[in-house]
Each structure stands twice: as C-alpha cells, then as structure tokens.
There are 2 protein chains.
Amino acid sequence: MQQDEETCSTRDKILETALRLFSKEGYLGATTREIAREAGVAEVTLFRHFPSKETLFEETINANSFLPALKGLMPGIRQMPYGEALAMIAKSFLEILALRKDTVKIMQAEMQRYPEKIQKIYHAFIDEMVNTLASYFGEMHGKGSLREFDTELAARSFFGMFFSYFNAEEILLRKNYRHIDADKTVREFVDIFVRGTLK
Amino acid sequence: MQQDEETCSTRDKILETALRLFSKEGYLGATTREIAREAGVAEVTLFRHFPSKETLFEETINANSFLPALKGLMPGIRQMPYGEALAMIAKSFLEILALRKDTVKIMQAEMQRYPEKIQKIYHAFIDEMVNTLASYFGEMHGKGSLREFDTELAARSFFGMFFSYFNAEEILLRKNYRHIDADKTVREFVDIFVRGTLK
DNA sequence: TTACCTTGTTAGTAAGTACTTACATTTGCT
DNA sequence: AGCAAATGTAAGTACTTACTAACAAGGTAA
C-alpha cells in the first residue's frame with residue numbers, strides 16, 4: 001500500500017484532465033471515457049477513484065477554488081499611494097483569473113445548471129475581493145482623501161471593469177480586437193477610477 | 001395552405017421553447033424530445049421544421065440577435081449634458097441585456113464549444129456599443145470638455161462595469177447581495193466615470 | 001514466498017440520444 | 001365535398017452514455 005506517490009498522482013492526473021476537458025467541452029460534453037483516455041488510465045480506474053461523474057466534477061472544482069490564491073495577496077497596500085495600490089489590486093486580480101482560467105470557464109458555462117456548488121465558490125471569491133477593496137475605500141474615506149461614494153458599489157464596478165477585460169481577452173479570445181497589453185489597460189482603467197473617486 | 005397563422009406559430013412556439021430550454025439546460029442538456037413536449041408539438045414536427053438539432057440551435061440564436069434592439073437606441077445623445085448622456089447609454093445597455101437575458105446565458109454557456117457563430121453575434125453587439133460610445137468620446141474630445149484618454153479602452157471599461165453588474169444581478173442571481181436598484185447603480189457608476197474622464 | 005493493493009482488459013447492461021419511416025388524423029381553402 | 005398541407009402516433013434504428021462484474025497482471029511490504 002503506497003498512497004503517496006503513484007496513487008495520488010493517478011488521482012491528480014485524472015483531476016487535471018477533468019479540469020481541462022470540463023472547461024473545454026462542458027460537463028455533459030466531456031465523457032468519462034475521454035477523460036480517462038486523456039489522463040492515460042483505464043475508464044474503470046476513474047470510477048474506482050470517483051464513484052460517479054458528478055463526484056468527479058465536484059472534486060474538480062473544489063480542488064481549484066480561488067481562495068488559496070488570495071492568501072497574502074495584498075500585503076503592503078496601506079502604505080502605498082492610492083493609484084499604485086489600485087493598480088496592484090487590479091494586477092493581482094487579473095493574475096488570479098489567468099491562473100484559474102479553466103475554472104472560470106467551467107463556472108460560466110455550468111452556472112445555470114449546477115447553481116448551488118458553483119455559485120458558492122465563485123461568490124466566495126468575488127465577495128472576498130469586493131469586501132477587501134470596499135474596506136480599503138472605507139479607510140481612505142476616514143483619512144479624508146476620497147470623496148463620498150458607496151464603497152461596495154465602487155468596488156464592484158472596479159472589479160467589473162477588469163473582469164470584462166479578462167473575459168474579452170482570455171475567454172472570448174478576441175482576435176479582431178487590436179491587442180492591448182494588460183499593463184496599459186490597468187493604467188487606463190485605474191486612471192479613470194482614481195480621478196473618479198478622489199476629492 | 002395557410003402559412004401565416006398556425007404554421008408560423010408552430011415554428012415560433014418551437015423557437016421560443018428552444019430558447020428557454022437551451023438557456024436553462026445548455027445545448028447538450030436540452031433534448032429535442034423535451035423541447036417538443038414543452039412546445040406542445042410532436043417531436044417529429046420539430047424535425048420537420050428544423051432538419052437537425054444544430055440547425056434549430058443556430059436559428060434560435062439568429063432569431064434573437066441583439067442588433068435590432070440597438071436600432072434607434074441613442075437618438076438625442078449629442079445635445080444632452082455629458083453625465084445624462086452616459087446614464088442614458090447605460091440604461092439602454094442594461095435594458096437590452098435584460099430583454100435578451102436568455103440569449104446572453106446561452107452565449108456564456110456555449111461560447112467555448114461553438115465559438116464561430118456565437119462569437120460573431122456577441123461581438124457584433126459589443127463592438128457596435130463600444131464603437132458608438134468611443135466615437136462619442138472622440139467628439140467630446142474635439143469640443144475640449146474631456147481630458148485625454150484612450151476612447152476605446154474607456155468605452156470598454158464603461159460597458160464592463162455595467163455588464164458585470166447585470167451578470168451579478170440577473171445571471172448569477174445573487175440573493176445574498178443586498179439588492180441595489182439599477183438606477184442607483186447607474187448613478188454611482190456614471191458618477192465615477194464622469195469625474196474620471198472630465199478635465 | 002505470501003499477501004495486499006492498485007491497475008488494466010474485456011465484456012456487458014440499461015438507459016437515453018438524435019433522427020427516421022409509415023400511416024392515420026386534423027385542418028383550412030376552394 | 002374534395003384536396004392538400006400540416007400535424008400526430010407508434011415503432012424502430014444506430015449510436016453513445018455512465019457505470020459494473022470478473023479476472024488477470026504488476027509492484028510493494030512483511
């Protein structure tokens with residue numbers, strides 16, 4: 001019984017392949033046969049690790065939650081200038097999304113059909129980001145450097161801008177858009193936002 | 001042969017039901033049997049009107065393009081104050097999205113699997129909106145009332161904010177969010193944007 | 001060696017899928 | 001009434017799906 005090396009790597013291979021195929025073909029489109037073949041294992045092995053396709057799906061998205069990627073994300077934001085802090089938050093946000101691109105695709109595609117589980121994970125991530133930014137806005141209000149506005153709404157609009165950018169570039173694969181690098185986009189978006197919220 | 005009343009309504013019933021079920025269960029999840037039953041027709045009737053499920057899918061999304069809803073959208077924007085013009089564009093944008101909610105769901109869910117057709121329709125809509133707003137920014141630049149910024153990027157960020165709001169409220173069905181009515185959101189978002197782009 | 005654990009192979013099941021064929025029934029127009 | 005188009009009913013085809021049962025093969029630990 002050796003459960004640390006080979007066994008675990010078989011399981012992980014299946015999970016990785018499942019993530020890729022679920023994201024490419026959807027839950028119904030990705031068959032257990034195909035997942036097993038691409039993972040290089042027999043189909044029956046897949047069912048020995050995961051009792052059903054639905055279990056595999058759940059464990060796949062659980063294994064790719066966003067929250068670990070959030071830890072220690074915004075360390076020294078408080079002592080940075082306002083604009084730089086926002087730029088850093090935006091960049092980190094885009095980085096996480098890029099890292100979890102496949103998971104984002106799955107969630108967008110299957111959100112309607114499997115609401116409970118997916119909404120929970122997705123919203124936990126968004127809420128964490130929005131709350132962090134909103135409370136940062138609150139602090140800045142206290143310091144008197146910002147004009148009055150609804151901090152939660154502002155945080156939502158901030159991430160909304162960047163999520164739409166990510167969506168256009170990475171999910172919709174816009175080839176006909178002239179390509180604009182992330183840095184310039186961050187600068188322009190943050191610029192609008194900084195001027196829009198300062199006194 | 002009477003093709004205007006009954007015949008057309010049978011076809012339309014199928015198309016309407018297909019839109020609803022494709023949006024709720026996805027392309028693979030919605031079966032032709034179910035679509036026919038919910039439309040109140042025999043399955044074979046469905047195949048007499050649409051030679052294949054894929055044809056039905058294409059005609060469904062073609063019948064629900066965004067562009068007709070865009071016609072005559074922004075009539076008197078040029079003679080409105082800047083902030084009111086932006087608010088009106090935002091409201092119209094949100095209205096169209098709400099009208100085509102099912103289509104948006106389908107596109108988000110099936111974008112990965114059927115890229116060609118869907119991307120075309122989706123992007124045609126977004127490009128139309130972005131270009132309209134960007135050229136409006138260009139005119140305002142000419143008049144000297146706005147600071148210098150990238151008009152296309154700004155337009156994208158503007159719609160990105162509102163699309164994310166729509167997504168959170170209507171697609172993800174956020175119940176745990178405190179509900180904020182559209183008007184207040186439009187006001188807050190536009191406010192940030194106006195201050196962020198004025199001189 | 002012996003025992004165990006994990007995997008592969010092969011074959012199979014029961015159910016569901018898109019789609020078809022043949023024939024009967026309804027419906028509206030002339 | 002009579003014709004023709006649109007629809008319904010019933011049966012069936014060929015295929016795919018998630019999932020299982022039975023047995024053999026390999027490696028690891030005692």
Side-chain angles (χ1 to χ4, degrees), chain A residues 1-63 106 109-110 112-114 117, chain B residues 1-63 106 109-110 112-114 117:
Chain A
M1 164 165 88
Q2 168 197 12
Q3 197 153 348
D4 312 61
E5 200 82 3
E6 282 308 319
T7 294
C8 211
S9 111
T10 294
R11 212 188 129 89
D12 289 353
K13 261 191 310 184
I14 296 174
L15 279 172
E16 282 168 28
T17 312
L19 176 70
R20 211 182 70 233
L21 292 184
F22 280 143
S23 117
K24 200 170 77 182
E25 329 209 16
Y27 175 73
L28 290 175
T31 69
T32 54
R33 202 170 306 173
E34 192 188 10
I35 294 172
R37 199 189 57 228
E38 296 262 303
V41 301
E43 194 181 2
V44 73
T45 299
L46 183 153
F47 281 104
R48 283 196 268 244
H49 282 274
F50 309 93
S52 72
K53 187 187 184 182
E54 197 169 336
T55 307
L56 171 61
F57 182 66
E58 286 178 17
E59 298 214 23
T60 299
I61 58 183
N62 284 340
I106 292 180
E110 312 294 340
Q112 299 305 316
R113 204 163 352 171
Y114 310 95
K117 197 124 218 153
Chain B
M1 165 167 83
Q2 167 195 11
Q3 197 154 345
D4 312 60
E5 201 82 3
E6 282 307 320
T7 294
C8 208
S9 111
T10 295
R11 211 188 131 89
D12 289 353
K13 262 193 309 184
I14 296 174
L15 280 172
E16 282 168 29
T17 312
L19 176 70
R20 212 183 70 234
L21 292 184
F22 280 143
S23 115
K24 200 170 76 181
E25 329 209 15
Y27 175 73
L28 289 175
T31 69
T32 52
R33 201 169 306 172
E34 192 187 10
I35 294 171
R37 200 189 57 228
E38 295 263 303
V41 302
E43 195 181 0
V44 73
T45 299
L46 184 153
F47 282 105
R48 284 196 269 245
H49 281 274
F50 309 92
S52 72
K53 186 186 183 182
E54 196 167 336
T55 307
L56 171 60
F57 182 66
E58 286 178 18
E59 298 214 23
T60 300
I61 57 183
N62 284 340
I106 292 180
E110 313 294 340
Q112 300 303 317
R113 204 163 352 171
Y114 309 96
K117 196 125 220 150

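The figures here come from the full heavy-atom set of this structure, side chains too, leaving out hydrogens, waters and symmetry mates. Proteins get letters first, then strands, A, B, ... in listed order; numbering begins at 1 in each.
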Residue pair E34(B) / G29(B): nearest heavy atoms and the distance that separates them: OE1-O, 4.2 Å
Please give, in whole Å, the distance from dT17(C) P to F47(B) CZ? 11 Å
Going by an N to O cut-off under 4.0 Å, is there a salt bridge joining K13(A) and E16(A)? no
Quick check on DNA chain D: between A30(A) and R48(A), whose nearest nucleotide comes earlier from the 5' end? A30(A)
So, is T45(B) close to the dA6(D) phosphate, meaning a side-chain N or O under 4.0 Å from OP1 or OP2? no
Which part of the nucleic acid, if any, lies within contact of G40(A), taking any heavy atom under 4.0 Å across all strands shown: a base, the sugar-phosphate backbone alone, or nothing? sugar-phosphate
To the nearest Å, how far apart are F50(B) CZ and dT20(C) C1'? 18 Å
Using a cut-off of strictly less than 4.0 Å, decide whether H49(A) has a side-chain nitrogen or oxygen near OP1 or OP2 of dT7(C). yes
Rounded distance (Å) that lies between atom P of dA6(D) and atom CG of L46(B): 16 Å
Nearest to the side chain of V44(B) - dT7(C), dT20(C), dA18(D)? dT20(C)
Taking the basic N atoms (NZ, or NE/NH1/NH2) and the acidic carboxylate oxygens, is any pair closer than 4.0 Å for E59(A) and R11(A)? yes
Just how far, in rounded Å, is P of dT17(D) from CG of L28(B)? 10 Å
Take the protein atom CZ of F57(B) and the nucleotide atom P of dA18(C), then report the distance between them rounded to whole Å. 14 Å
Does R33(A) or A42(A) map to a spot on DNA chain C nearer the 5' end, using the closest nucleotide for each? A42(A)
Under 4.0 Å from OP1 or OP2 of dA18(D): is there any side-chain N or O of S52(A) that close? no
Between atom CD in E43(B) and atom P in dA18(C), what is the gap in whole Å? 7 Å
I14(A) CD1 to dA18(D) C1', in whole Å, measures 15 Å
Taking all atoms of both residues into account, what is the closest heavy-atom pair of L46(A) and T32(A), and its distance? CD1-O, 3.8 Å
side-chain N/O T32(A) vs dA18(D) OP1/OP2, d < 4.0 Å: yes
Round to a whole Å and report the spacing from NZ of K13(B) to C1' of dA6(D). 12 Å
Grab the two heavy atoms, one from I35(B) and one from T17(B), that are nearest each other, plus how far apart they are. O-CG2, 3.5 Å
